[in-house]
K.L.:
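To start, I am sharing the structure in question, which I have written as structure tokens.
So that the names make sense, note that chain A is the first sequence line, chain B the second, and so on, each numbered from 1.
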There are 2 protein chains.
Amino acid sequence: MAKKDETDDVSLWERLERPAAAPRASLSAGRIADVAIGIADREGFAAVTMRKVAAELGVAPMAAYRHVNGKDELWALMIDRVSGELAPGDGISGWRETLRAYALRTREMMLRHPWLAHMPAPLFALTPTRMAAAERQLASLDGLGLDVDTMMAAFRAVNAYVHGATQSEAALRQYMEEQGWQSADETRRGLAPQMSYLMETGRYPTYRRYTRGAARKDDAAWQFETGLDCVLDGVAGLVERGRA
Amino acid sequence: MAKKDETDDVSLWERLERPAAAPRASLSAGRIADVAIGIADREGFAAVTMRKVAAELGVAPMAAYRHVNGKDELWALMIDRVSGELAPGDGISGWRETLRAYALRTREMMLRHPWLAHMPAPLFALTPTRMAAAERQLASLDGLGLDVDTMMAAFRAVNAYVHGATQSEAALRQYMEEQGWQSADETRRGLAPQMSYLMETGRYPTYRRYTRGAARKDDAAWQFETGLDCVLDGVAGLVERGRA
DNA sequence: GCGTGGTGTGTACGGCGTATACCGATCGGT
DNA sequence: ACCGATCGGTATACGCCGTACACACCACGC
């Protein structure tokens, strides 16, 4: 009965909040997730293997399955753990400041853990730590005269932008690391063989003008914040119209 | 010499544009990619296997490797093929109409092919068909008084939003399909065990209010377009300031 | 007629996720 | 103080995966 069936039936998160349940265990879902996060940070998403996690814990490959139902659940745990880095400090007030702070911290988190870009997206919604972040952002939009649908749409718009923008930035960084490229120039040199064929077709004149003449081409933070402020300006419009 | 080394050295895209190179082959990179896309559409991202693709082509597992360097290259091909569905029809004019049309079509494309959400992001940048879409969107922002950096930032902002928003929508749909849930109500019922524990903690009052009282909770198109118009409003601000 | 090179095949290797059966230690009830 | 139940970790095994490598075939230019 007890634990095995519990692992099947009860929500992962409910199980997690009963630390007293297993005092004589050397493993725990938290330790497993931490080791997995370490591997992912150091060696990339694909290197996270049930067997490698177990090895790093000095334990047989199957041992982890007593605490985690499978790889999917491990992923959910990794996301939840790492999302603890999201909560911004005190002293922020107002919806714009709140959403902006979360956006910046989300970007930092995803750049610190580039493997997040590979995670199946639905997992992102349902972990408790992520829900807490969502709650705080939603609450900052409360009381401005918006209906709940519009509040949620605004929240989602900002977060969709942040995820989309940071995913491509993180994935590029990770790709650079895999290839051993250290700088933007080195990357351009590495990508040149692929790129030059495309550019020489003459089909992409505007794009070409950008690669030649842009001043902020390598300033990822500027690009991110410029886009972010666009989205926040749009939300501000929504808020004004809602207030009226 | 010839083909094997060529497969290693020359860009995939350059190879593709020489159809005359191999007249007596029964396979081709295009056919392989099409079959792979079919499998991904029907059975999901994880079901795309070199072996399964080969089987569907009635060919030995290793045969595909004569035309495609490995699974990564197959992915790039799949993305490029499917991106042909992006180009919007005629009769659109102005940056806002152009960006909006691409956004809507990108969403439709990603919902038609939910496996796109699982693709490593850098591949998205460098395929010829995607570059063509980028070029057309960038060109629509040209001549408005924006510098190239700002043009690119605006383009990226819209596309980041579109990808982020549609990824989570597509991933949710795919998850529903995996679970056999057909409707929004069925999904809520299926998610309830996970959800109710979280909600009953009382930590997410605003979120709870949304799940109870929202009118457009299941209108994904409305949510997408509301967010999209936010972002476009933000870009409009950028354009106005650039014009001044 | 014959080498040559492009195309598909067969075999094999190492790694993966995980089902299943197992074993010793520990605990609750008596 | 005992004893079954249960829990944490183990050992073994299966069927899949991507792909390296050596080989067989066939069409062609000479």
K.L.:
For B:Met62 and D:dC17, give me the distance from atom CE to atom P, rounded to whole Å.
P.N.:
14 Å
K.L.:
For B:His67 and C:dG8, is the shortest distance between a side-chain N/O and OP1 or OP2 below 4.0 Å?
P.N.:
yes
K.L.:
Expressed as a whole number of angstroms, how long is the span from B:Asn69:CG to D:dG18:P?
P.N.:
15 Å
K.L.:
If I take atom CZ in residue B:Phe45 and atom C1' in nucleotide D:dC17, what distance separates them, rounded to the nearest angstrom?
P.N.:
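Roughly 13 Å, once rounded to whole Å.
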K.L.:
As a test of reading the structure: which of C:dT20, C:dT9, D:dT19 is closest to the side chain of B:Tyr65, going by heavy atoms?
P.N.:
D:dT19
K.L.:
I'd like to know if B:Glu56 pairs up with B:Arg42 as an ion pair, taking the criterion as any Lys NZ or Arg NE/NH1/NH2 lying under 4.0 Å from an Asp or Glu carboxylate oxygen.
P.N.:
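Salt bridge flag = yes for B:Arg42 with B:Glu56.
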K.L.:
Atom pairs, N/O to N/O, protein against nucleotides 13-15 of chain C, distance under 3.5 Å?
P.N.:
none

K.L.:
Is the shortest side-chain N to carboxylate O distance from B:Glu169 to B:Arg107 below 4.0 Å?
P.N.:
yes
K.L.:
Tell me whether B:Arg15 is salt-bridged to B:Glu73, with the criterion being a basic N under 4.0 Å from an acidic carboxylate O.
P.N.:
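Yes, charged N to carboxylate O under 4.0 Å.
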K.L.:
Looking at residues at least two apart in the chain, or sitting in another chain, which of them share a ring pair (Phe, Tyr, Trp, His ring centres under 6.0 Å) with A:Phe45?
P.N.:
A:Trp75, A:His118
K.L.:
Atom CD of A:Glu73 and atom P of C:dT18: how far apart are they, to the nearest Å?
P.N.:
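Value for this atom pair: 11 Å.
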K.L.:
D:dG18, C:dT9, C:dT18: which one has an atom nearest the side-chain heavy atoms of B:Arg66?
P.N.:
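Out of D:dG18, C:dT9, C:dT18, the nucleotide with an atom closest to B:Arg66's side chain is C:dT9.
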K.L.:
Kindly give the heavy-atom pair with the smallest separation between A:Glu85 and A:Met109, and that separation in Å.
P.N.:
OE1-CG, 4.0 Å
K.L.:
In whole Å, what is the span from the CD1 atom of A:Ile32 to the P atom of D:dG8?
P.N.:
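Result: 11 Å.
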K.L.:
Answer yes or no: is there an ion pair linking B:Arg31 with B:Asp34, defined by an N-O contact shorter than 4.0 Å?
P.N.:
no
K.L.:
I want to verify a distance call: between D:dT10, C:dT9, D:dT19, whose nearest atom is closest to the B:Met50 side chain?
P.N.:
D:dT19
